[in-house]
Amino acid sequence: MTIDNGGRARWLPGVALTALPALLVPLIERAWVDRLPDPLPIHWNIAGHVDRTASVAGMTTTTLVIAGLAVLVALVVALVPALSWRVRRVVITVAAVHSAGAAGIWMMTAGMSLDAATAEDVTNPGWQVTALLLGAAAWGVVVALSCGRAPARSGVTDPPPAGLARLDLAPGQRAAWTEIAPIPRIAFWVLAALLGIAAVLAVAVNAWVAVPLVLVAGIVMVALQARFTVDGRGVTIGFGPWGWPRVRVPLREIVSAAPGSVQIAQWGGWGYRVSLDGHGRGLILRSSGPAVRLELSDDRYLLATVRDPETVAALVNSLLDTARTS
Amino acid sequence: MPLADQIASQVRGAVAAGRLVPGDRLPAARELAEALEVNMHTILRAYAQLRDEGLIELRRGRGATVRRDEAADRARLVDAVHTLLDAGRRLGLDIDEVVEEVRRLA
């Protein structure tokens with residue numbers, strides 16, 4: 001695993017961006033103090049009436065404590081030695097989403113309460129909840145991007161072991177493998193359940209409350225549609241109808257390929273997954289059984305359920321031979 | 001054999017053998033061109049050839065998909081015709097003579 005000990009300063013923009021939404025809260029509070037009712041509404045019952053309130057100061061303090069903890073976690077992860085680049089980025093991004101979410105709830109509540117005489121006059125949020133979730137997610141993307149590009153993995157120069165299968169390719173013959181895995185049937189049940197809950201919420205509570213669920217359902221379906229490609233550049237997994245976002249393992253990072261097998265229970269379900277030990281990635285889109293296993297540099301591996309693991313493994317080994325012996 | 005014909009022949013063979021089934025989406029021309037390190041127009045020519053043979057559908061935005069009707073039968077037929085033409089060429093027969101032979105057996 002790549003250890004990134006140095007260059008801690010590169011993580012500080014991410015930590016600063018994690019803190020930024022929370023820092024805005026006291027500033028906005030000061031600017032709006034004369035226009036906000038005190039206490040503020042913090043919960044509405046199913047009929048849309050306010051049933052819980054909190055003082056402005058209490059709400060600001062709670063927000064700052066939650067966001068402060070997130071910033072603290074981000075700071076610790078930025079400074080602690082011997083953590084992989086990816087772990088740092090994931091933790092800082094999650095911290096940023098938390099901080100932005102907490103600050104967003106404060107801003108949403110204050111924005112809706114602006115110029116209301118009392119908390120009871122504030123109507124329950126609708127589209128604001130969707131905006132809040134999207135805003136927090138967008139802030140996570142900004143912070144993830146601020147972490148910069150991942151450091152390059154080590155390259156491999158040796159051809160795969162001689163005992164592994166190869167394809168019978170003529171000199172100059174070009175070969176590639178590409179397939180779209182079928183979407184597992186269970187995904188349609190999950191989709192139906194999510195849409196059902198969304199419909200009930202839309203009718204019983206508020207149409208906007210259902211929007212995040214519909215978005216999640218859409219993301220689930222897109223994430224389960226994956227094209228798996230092997231060619232002279234390496235292995236590419238492209239998600240969604242446009243093959244984007246995508247994961248690419250360059251040929252230079254692949255040690256060898258062999259048919260293997262996958263147990264879905266060990267990966268916790270379908271989709272693109274990270275193994276528990278953090279060393280493996282899995283594209284699990286079929287039932288338990290045969291899969292292709294790629295050994296990668298830095299003690300990593302990639303498992304993918306493909307239609308014909310023997311052929312895919314042989315193709316990868318042949319491509320590695322061509323790249324490393326010419 | 002030109003590259004476009006080779007690519008078309010690979011797809012045709014996969015359809016005939018059932019490795020590609022009706023409704024399967026072929027990779028986008030740009031993607032396949034990058035994967036095989038050929039010009040995108042070569043792939044588009046191969047796809048157009050397969051469309052003319054009735055094997056695939058090309059739709060804007062949807063890309064190339066294997067046709068839902070009798071695509072596999074058509075692929076086998078086109079494959080068989082190619083084999084027939086090759087055999088005729090080896091025997092020195094021209095197209096009319098090959099067709100005449102087909103008529104005689106029909």
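Computed from a predicted structure; not experimentally measured. Below, chains carry the letters A, B, ... as their sequence lines are ordered, and counting in each starts from 1. Excluded from the calculations below are hydrogen atoms, water molecules and symmetry mates; all remaining heavy atoms, backbone and side chain alike, are included.
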Is B:Glu34 close to chain A through its backbone or its side chain, or both, or neither, when contacts mean heavy atoms under 4.5 Å?
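When you check distances to chain A, atoms from both the backbone and side chain of B:Glu34 fall under 4.5 Å.
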
B:Glu37 portion near chain A, given a 4.5 angstrom heavy-atom threshold:
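Both parts, backbone and side chain.
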
For the candidates B:Ala35, B:Gly63, B:Ala28, which exhibits the highest count of non-hydrogen atom pairs separated by less than 4.5 Å from chain A?
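Greatest number of close heavy-atom pairs with chain A: B:Ala35.
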
Count the heavy-atom pairs under 4.5 Å between each of B:Leu20, B:Leu26, B:Leu32 and chain A, then report the option with the highest count.
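Going by pairs under 4.5 Å, I would pick B:Leu26.
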
Assess the residue pair A:Thr236 and A:Arg248 against the criterion (side chain to side chain donor-acceptor pair (under 3.5 Å)); give the C-alpha distance rounded to whole Å, side-chain angles, the decisive distance to 0.1 Å, and a yes or no.
CA-CA 4 Å; A:Thr236 310; A:Arg248 176 167 283 169; 3.1 Å; yes

Can B:Asp73 and B:Arg76 be counted as an ion pair, charged N to O under 4.0 angstrom?
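Between B:Arg76 and B:Asp73 there is a salt bridge, with a charged N closer than 4.0 Å to a carboxylate O.
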
Is a side-chain donor or acceptor of A:Asp298 paired with a backbone partner of A:Arg300 at a separation under 3.5 angstrom?
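No; zero donor-acceptor contacts below 3.5 Å.
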
My understanding is that only one of A:Ile237, A:Val306, A:Thr305, A:Ile180 makes a side-chain contact (heavy atoms from CB on, under 4.5 Å) with A:Leu285; could you say which?
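By the side-chain contact (heavy atoms from CB on, under 4.5 Å) criterion, A:Leu285 pairs with just one of A:Ile237, A:Val306, A:Thr305, A:Ile180: A:Thr305.
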
